[in-house]
Structure formats: structure tokens, C-alpha cells
Enquirer: 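Have a look at this one.
As the structure lists them, so they are numbered: ligands from 1, and atoms in each ligand from 1. When reading the values below, keep in mind they use all heavy atoms of this one structure, side chains included, and skip hydrogens, waters and symmetry mates.
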Amino acid sequence: IRKGRLLDRTHARHYGIFYDDLVNAMRAALPENVRFIAGRVNALEAGAERQRVSILGQGDVTARLLVLATGMGDILKRDLGIERRFVHQRQSLTFGFNLRPAGAGAFRHSALTYYGERTSDGIDYLNLFPAADVTRANLFVFRDHRDPWVKALREQPKETLIDTLPGLVKAFGDFEVMDKVESWLTDITVAENCVKDGVVLIGDAYQTSCPAAGTGVSRLLTDVERLCKAHVPQWLASPGMAAAKIAAFYGDPAKLAMDAHGLQLADFRRRLTIENDLRWRARRHLHFSRRRIMHGINRLSPGFAARLRGLKRPRLEAAT
Ligand SMILES: Cc1cc2nc3c(=O)[nH]c(=O)nc-3n(C[C@H](O)[C@H](O)[C@H](O)COP(=O)(O)OP(=O)(O)OC[C@H]3O[C@@H](n4cnc5c(N)ncnc54)[C@H](O)[C@@H]3O)c2cc1C
């Protein structure tokens with residue numbers, strides 16, 4: 001929904017799983033021969049033969065290859081002499097909180113994406129979806145983190161949301177915010193000087209993701225898939241783990257394409273939300289009109305709409 005009007009309707013399966021439950025489910029599925037240690041890593045040493053990971057209070061682990069998947073955090077990478085290049089400092093703010101219907105009723109939809117109403121609000125979209133036994137809200141915003149609106153959202157989330165998205169209650173139903181509003185400030189950075197002996201960076205540890213673009217997990221899984229299928233078996237087949245082997249992963253065409261797509265989409269979401277020059281006003285109009293028209297065609301003739309959807313479209317316009 002945008003400006004109180006329906007853009008389109010999709011039917012997709014929602015699994016309603018919180019991240020921590022998903023991670024725990026994956027941990028439970030590890031084969032028995034995998035040694036699993038949960039703990040905080042406080043030091044790393046990497047070299048051409050053996051790598052050492054020090055875990056707080058649990059001693060050291062050594063291995064031939066170290067895969068660093070520590071997300072946005074920077075401390076361990078710095079220990080290894082890996083730096084980061086800023087593509088966009090303070091790119092976006094993301095807020096997460098849980099909702100329930102006010103009173104005894106239910107929400108009008110099980111899931112809803114509500115787009116920002118004015119460019120000056122800096123709101124890309126509010127995603128409402130079922131997770132466990134609550135409705136989860138993720139709000140993606142391009143606004144300065146020191147803006148008084150940010151403080152107001154944290155302190156009075158319901159009032160601030162209704163004020164900024166006036167059509168929300170009518171579209172979704174009256175709501176209560178159940179708990180504290182969590183927030184994340186995202187810099188878009190890419191690791192530099194990362195071709196090192198013995199260590200490879202994946203996911204956000206290599207390149208951070210703008211949550212609004214929704215590419216972070218696909219990028220992470222692309223890295224994992226490329227490592228497992230195209231690189232690690234070859235690296236382990238010969239002695240040593242010198243930087244020359246690791247370089248092949250960072251040059252992998254599928255990885256490069258996915259990372260470039262993540263950066264482009266992050267930039268696109270930001271501009272689509274806040275840019276106000278003629279070009280972006282026209283692009284925004286086209287972007288949302290296309291969705292509305294496609295929805296109308298789909299209602300009249302689903303077969304024709306499916307054929308139209310199959311036509312080649314710019315990749316950025318097709319997403320989100
Ligand atoms: C609110 C929000 C919504 C998002 N929505 C989407 C979405 O819809 N789609 C999408 O694709 N992406 C989304 N993203 C982005 C996505 O979550 C990330 O891109 C993805 O989680 C990156 O995975 P990762 O494994 O590289 O890093 P992370 O998921 O950040 O995992 C890194 C892990 O390393 C651990 N760690 C760090 N340092 C240490 C240490 N010293 N010792 C031990 N452990 C350590 C951390 O605790 C963490 O568990 C969203 C992000 C946010 C914040």
C-alpha cells in the first residue's frame with residue numbers, strides 16, 4: 001500500500017521464523033562429526049599454513065582455513081590488518097519491533113508492506129509480517145540518526161508511526177507496540193586489503209548490506225555456495241593456504257555480480273525514497289504505477305500478467 005492505496009497483492013508462503021530460531025535449527029542440523037563451540041572470539045592469527053582462533057575462556061582452535069563471518073563488526077578484521085572502504089557512511093536506519101492488534105480484533109492482513117508517503121519523511125517501507133505468535137515490524141528509513149523524529153519513534157512508536165503514515169491504521173488495523181524498538185544504523189562498507197594468507201571473509205564481514213535492499217542473505221548464501229562448490233575443495237587438495245588461493249574467491253564472477261547487485265540496489269532504494277529531482281520523481285512515479293497497472297492486469301487476466309512479468313525488465317525495478 002502506498003498513500004493509502006493498494007499497489008498490488010501477492011500470495012507467498014511466510015514461515016514466521018525469528019533469526020535466532022533459524023540459527024538454532026541450523027546448528028541442530030550439523031552432522032555429528034562437526035565440532036561446535038559457542039563463544040566469543042577475542043583473537044585471531046592467520047598464516048600460510050595454520051590459523052589460530054582464541055575463544056574467550058575456552059582456549060584456542062587451529063585449522064587450515066579460517067572463514068570469517070562476523071557481520072558488520074570490525075574488530076577482528078582489524079587484528080588481521082584488513083581495512084574497510086566506505087561506499088556510503090550512515091546509509092540507512094532500520095527499526096524492528098513487535099505488534100499486536102489493539103483490543104480483541106485481528107489485523108486486516110497477515111502481512112503488509114506500507115511505503116512511505118512523502119520523500120521528506122525518508123521512509124522507504126514498513127514491512128509487517130507474522131513471526132512466531134506476533135506481528136513483526138521492520139521499518140526501513142533514510143534519515144539522519146540524530147533527527148528528533150528518530151528519538152520520537154523510539155519513545156512513542158505508535159503515535160510517531162500514525163503521524164508519519166496516516167493511512168496505516170485504516171489499511172492494517174489499530175495496533176499496540178509490544179516492546180522496545182530496536183534500531184540499526186548501517187554503513188555500506190567493502191573490505192580492503194583482504195587477500196591474506198589463511199583467511200577468507202564472507203557475507204557482511206566482506207561487504208555490508210543495506211537492510212532495505214533485502215539482499216544480505218542472498219549475498220551471504222552466494223558466498224557460501226561459491227566457497228563450497230568452486231574454491232575450498234581445490235584449496236584443501238594441495239598443501240598450504242597462501243593468499244594466492246584466497247584471491248580466486250574474491251574474483252569469482254558470480255560473487256562479484258551478486259555483491260555489485262547489492263550495492264546497486266542499496267543505492268536505488270535510497271534514491272527512490274528520498275531524491276526529489278525531476279528524474280527521480282518520474283522514476284518513482286513509473287515504479288509504483290507499473291506495479292499498480294500490473295496488479296490490475298493480473299486481476300483481469302492472470303495468464304497475460306504472467307507473460308508480461310516474464311518479459312525482460314531492469315533488475316533494480318523488478319526487486320522489492
Ligand atoms: C532489521 C534488519 C532486517 C533485515 N532484513 C533483511 C532481509 O529482509 N533480507 C535480507 O537478505 N537481509 C536482511 N537484512 C540483512 C541481513 O540480516 C544481513 O545481511 C545478514 O544477516 C548477514 O549475515 P552474516 O552472517 O554475514 O552476518 P550476521 O548475520 O551479522 O552474523 C554475524 C555473527 O557473527 C557474530 N560475531 C561477531 N563478532 C564475533 C566474535 N568476536 N566472536 C563470536 N561471534 C561473533 C555475531 O554475533 C553474529 O551472530 C536485515 C538486517 C537487519 C538489521
Enquirer: Which residue holds the protein heavy atom closest to atom 28 (P) of ligand 1, what is that atom called, and what is the gap in Å?
Expert: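 Here the closest protein heavy atom is Gly71 CA, 4.1 Å.
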Enquirer: Is there a polar contact, in the sense of an N or O pair closer than 3.5 Å, between Val41 and ligand 1?
Expert: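 N/O-N/O distance under 3.5 Å: yes.
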Enquirer: Please examine the side chains of Leu22 and Tyr15, heavy atoms only from C-beta on, and report whether any two atoms are closer than 4.5 Å.
Expert: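 In short, these two side chains do not touch, never coming nearer than 4.5 Å.
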Enquirer: Protein heavy-atom contact under 4.0 Å for atom 48 (C) of ligand 1?
Expert: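 No, there is no protein heavy atom closer to it than 4.0 Å.
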Enquirer: Please determine whether any non-hydrogen atom of Ala69 lies less than 4.0 Å from an atom of ligand 1.
Expert: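 Ala69 counts as a contact of ligand 1 under the 4.0 Å cut-off.
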Enquirer: What is the ring orientation for Phe249 with His231, classed by angle as parallel under 30°, tilted 30 to 60°, or perpendicular over 60°?
Expert: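 Perpendicular: the ring planes of Phe249 and His231 meet at over 60°.
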Enquirer: Would one find more than 12 heavy atoms of other residues, nucleotides or ligands at under 6.0 Å from atom CZ of Phe86?
Expert: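 Above 12, so yes.
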Enquirer: Applying ring-ring contact (aromatic ring centres under 6.0 Å, His included) between Tyr125 and each of Phe95, Phe142, Phe288, Phe140, report the one that passes.
Expert: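 Of all the options given, the one that passes is Phe140.
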Enquirer: So which protein heavy atom does atom 1 (C) of ligand 1 come closest to, and at what separation?
Expert: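 Atom 1 (C) of ligand 1 sits closest to the protein heavy atom Thr94 CG2, 3.3 Å.
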Enquirer: Heavy-atom distance to atom 38 (N) of ligand 1: which of Thr70, Leu139, Leu44 wins?
Expert: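 The nearest heavy atom belongs to Thr70.
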Enquirer: Check ligand 1 against Ser209 and write out every atom of the ligand that is under 4.0 Å from a heavy-atom position of the residue.
Expert: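 In order of number, 19 (O).
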Enquirer: Atom 20 (C) of ligand 1: which protein heavy atom is closest, and how many Å away?
Expert: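 Protein heavy atom with the smallest distance to atom 20 (C) of ligand 1: Asp204 OD2, 4.2 Å.
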Enquirer: If you take the nearest heavy atom of each of Trp184, Phe95, Tyr19, Tyr206, which one is closest to atom 53 (C) of ligand 1?
Expert: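 Minimum heavy-atom distance to atom 53 (C) of ligand 1 goes to Trp184.
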Enquirer: Around atom CZ of Arg9, are there more than 12 heavy atoms of other residues, nucleotides or ligands at under 6.0 Å?
Expert: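 Incorrect, the count does not exceed 12.
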Enquirer: Below 3.5 angstrom, do we get any N/O pair linking Ile202 and ligand 1?
Expert: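 No, since none of the N or O atoms of Ile202 sits under 3.5 Å from an N or O of ligand 1.
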Enquirer: Answer yes if the side chains of Arg284 and Tyr115 hold a donor-acceptor pair under 3.5 Å, and no otherwise.
Expert: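 There is no such pair between these side chains.
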Enquirer: Does a donor on one side chain and an acceptor on the other come within less than 3.5 Å for Arg219 and Ser209?
Expert: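 Yes.
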Enquirer: Spell out, as yes or no, whether a donor-acceptor pair under 3.5 Å connects the side chain of Arg52 to the backbone of Thr62.
Expert: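 No; zero donor-acceptor contacts below 3.5 Å.
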Enquirer: Can you tell me if Lys77 uses its side chain to pair, donor with acceptor, with the backbone of Ala205 under 3.5 Å?
Expert: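 A pair under 3.5 Å: yes.
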Enquirer: Counting only N and O atoms by type, is there a donor-acceptor contact under 3.5 Å from the side chain of Asn298 to the main-chain atoms of Met294?
Expert: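 Such a contact is absent between Asn298 side chain and Met294 backbone.
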Enquirer: Name the closest protein heavy atom to atom 9 (N) of ligand 1, giving the residue it belongs to and the distance to 0.1 Å.
Expert: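 Nearest neighbour among protein heavy atoms for atom 9 (N) of ligand 1, to 0.1 Å: Gly214 CA, 3.5 Å.
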Enquirer: Determine, for Phe175 and Lys158, whether the Lys NZ or Arg CZ falls below 6.0 Å from the six-membered ring centre while staying within 45 degrees of the axis.
Expert: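 Satisfied, under 6.0 Å and within 45°.
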Enquirer: Please identify which atoms of ligand 1 are closer than 4.0 Å to at least one heavy atom of Leu220.
Expert: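 With Leu220 as reference, the close atoms of ligand 1 come out as 23 (O), 25 (O), 26 (O).
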Enquirer: Tell me which protein heavy atom sits closest to atom 11 (O) of ligand 1, plus the residue, atom name and distance to 0.1 Å.
Expert: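 Here the closest protein heavy atom is Val217 N, 2.8 Å.
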Enquirer: Give the atoms of ligand 1, by number and element, whose distance to some non-hydrogen atom of Gly203 is under 4.0 Å.
Expert: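 Answer, ordered by atom number: 26 (O).
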Enquirer: In terms of residue, atom name and distance, what is the protein heavy atom nearest to atom 43 (C) of ligand 1?
Expert: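 For this ligand atom, the closest protein heavy atom is Gly39 O, 3.4 Å.
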Enquirer: Does an N or O anywhere in Gly216 fall below 3.5 Å from an N or O of ligand 1?
Expert: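 For ligand 1, there is an N or O atom that lies under 3.5 Å from one belonging to Gly216.
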Enquirer: If we set the cut-off at 4.0 Å for heavy atoms, which region of Thr208 has an atom near ligand 1: side chain, backbone, both, or neither?
Expert: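 Neither part.
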Enquirer: Regarding Thr164 and Trp149, is there a side-chain donor-to-acceptor distance under 3.5 Å anywhere?
Expert: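 Side-chain D/A pair, Thr164 to Trp149: present.
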Enquirer: What protein heavy atom is closest to atom 4 (C) of ligand 1, reported as residue, atom name and distance in Å?
Expert: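 Checking every protein heavy atom, the shortest distance to atom 4 (C) of ligand 1 gives Pro211 CB, 3.9 Å.
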Enquirer: Please report whether atom 51 (C) of ligand 1 has a protein non-hydrogen atom at a separation of less than 4.0 Å.
Expert: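 Within 4.0 Å: yes, protein heavy atom nearby.
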